[in-house]
There are 2 protein chains.
Amino acid sequence: MAETRWLDDDEQATWRAYLEGTRLLIHALDRQLETDSGVSFADYELLVLLSEAPGHRLRMRDLADASFTSRSGVTRAVTRLEDAGWVRRVECDDDRRGMHAELTEAGAAKLAEAAPGHVSAVRAHMFDHLSEADRAHIRDAYTRMRAHLLG
Amino acid sequence: MAETRWLDDDEQATWRAYLEGTRLLIHALDRQLETDSGVSFADYELLVLLSEAPGHRLRMRDLADASFTSRSGVTRAVTRLEDAGWVRRVECDDDRRGMHAELTEAGAAKLAEAAPGHVSAVRAHMFDHLSEADRAHIRDAYTRMRAHLLG
DNA sequence: CGGGAATAGTTGACCACGCAACAATGTCGT
DNA sequence: ACGACATTGTTGCGTGGTCAACTATTCCCG
């Protein structure tokens, strides 16, 4: 085991700013969505994923993968969204184990209602503070990190 | 209400890469700490904060602020850490409402044991993928975002 | 084919966290 | 000095999440 290479001051500052900024950002977005539209950030993202899928539907499994959460988490989230009337479960006809989660009209409407405020908040809290160069570096860096972590 | 300015493709890509990369990163760090040292990432951060504080102790309130979590969260986390023997509660002598959370010897030892692996993971999953320029942009951008969100 | 292994989704048990309410204590203006 | 108000830490409650176990179904290889 080699000697540990600790973070220098600059790396420390980067790490802390990133962690704390991210925590504050997510919290702010969550509160904005919750108070303005009655949707949590996590649920909002599920609705977005469904809205982008062909036929506005996704297998439970794919929804779990796409949202980077566990399958049981998706099961419960979809039940929640179903109770709210924003999603319905549809059986697969080619796989009798399978279930689709499908966006309802009400779900699409809720998304349309919530989206503008959310996008504004993302701009106000993040993109408005980024230069073109900042954004390019962040995009490329996190794209690499994501690829590495998925590998 | 003005027309919503949606995210363009580049902003979308940035946002998704950042969100997903962050989620994967935190998850990876959490698992590394949990499996190698039996500490959650959240608890690890509390130990770090205490280790950096004068006298290895912090008021509950300050610990909550520094960790960006709620007070009740800190109360329960400290109870958890106390049960593990890594932290002890010490009454304030200048404020009878007050409580200090103080790092124990065992807590310091646990931190010393966990830190190298954690730092290695942070390097492997994040800093190794960042150029000097990437890091500078991320540091500055998130520092601004954090300041804005704290304002 | 047929049967073991893999996969889909759900559920139960458990844990972590936030909010609101609370008692205890401190602070401050008048 | 005293009463209104603020602050501290804890707790009950509700919510949301993971892991492991389970059933039902599908896959695949001998």
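What you are looking at is a predicted structure, and each value in this text was computed from that prediction instead of being measured. Residue numbers start from 1 in every chain, and the chains themselves are labelled A, B, ... in the order their sequence lines are given, proteins ahead of strands.
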For [X] and [Y], indicate whether the former's side chain and the latter's backbone hold a donor-acceptor pair under 3.5 Å.
X: A:T143; Y: B:A17; value: no
X: B:R123; Y: A:R5; value: yes
X: A:H129; Y: A:A124; value: yes

- [ ] Select from A:S40 and B:D95 the residue whose nearest nucleotide in DNA chain D is closer to the 5' end of that strand.
- [x]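 It is B:D95, whose closest nucleotide lies nearer the 5' terminus.
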How long is the line joining [atom1] of [X] and [atom2] of [N], in whole Å?
X: A:E34; N: D:dT15; atom1: CD; atom2: P; value: 11 Å
X: A:I26; N: C:dG18; atom1: CD1; atom2: C1'; value: 17 Å
X: B:F68; N: C:dG18; atom1: CZ; atom2: P; value: 13 Å
X: B:R23; N: D:dT18; atom1: CZ; atom2: C1'; value: 15 Å
X: A:L81; N: D:dT15; atom1: CG; atom2: P; value: 15 Å
X: A:L63; N: C:dA8; atom1: CG; atom2: P; value: 14 Å
X: A:D83; N: D:dT15; atom1: CG; atom2: P; value: 12 Å
X: B:D94; N: D:dT7; atom1: CG; atom2: P; value: 17 Å

Open item on the list: Using a 4.0 Å heavy-atom cut-off, does B:T69 contact any base of the nucleic acid, only the sugar-phosphate backbone, or nothing at all?
Closed with: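 Here B:T69 touches the backbone only, sparing every base.
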Open item on the list: Within the 4.0 Å heavy-atom criterion, would you say A:A42 contacts the bases, only the backbone, or no part of the nucleic acid?
Closed with: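 Result for A:A42 = sugar-phosphate.
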Open item on the list: Whether A:K110 and A:E113 form a salt bridge (side-chain N of Lys/Arg under 4.0 Å from carboxylate O of Asp/Glu) is what I want to check.
Closed with: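 Yes, this pair counts.
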Task: Distance test, side-chain N/O of B:R80 to OP1/OP2 of C:dC17, below 4.0 Å - done: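 True: B:R80 side-chain N/O within range (under 4.0 Å) of C:dC17 OP1/OP2.
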TODO: Taking the side chain as every heavy atom from C-beta outward, state whether B:R144 and A:D134 have any pair of such atoms under 4.5 Å apart.
DONE: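 In short, these two side chains touch, coming nearer than 4.5 Å.
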Polar atom pairs (N or O), protein with nucleotides 9-11 of chain D, under 3.5 Å:
from   : atom 1 : to    : atom 2 : distance (Å)
D:dG9  : OP1    : B:R59 : NE     : 3.0
D:dG9  : OP1    : B:M60 : N      : 3.4
D:dG9  : OP1    : B:M99 : N      : 3.3
D:dG9  : OP1    : B:M99 : O      : 3.3
D:dG9  : OP2    : B:R61 : N      : 2.7
D:dT10 : OP1    : B:R89 : NE     : 2.7
D:dT10 : OP1    : B:R89 : NH2    : 3.2
D:dT10 : OP2    : B:T75 : OG1    : 2.8
D:dT10 : OP2    : B:R89 : NH2    : 3.4

TODO: Starting from the C-alpha separation in whole Å, work towards a yes-or-no answer on salt bridge (Lys or Arg N to Asp or Glu O under 4.0 Å) for B:R135 and B:E132.
DONE: CA-CA 5 Å; B:R135 198 174 68 206; B:E132 290 278 334; 3.5 Å; yes
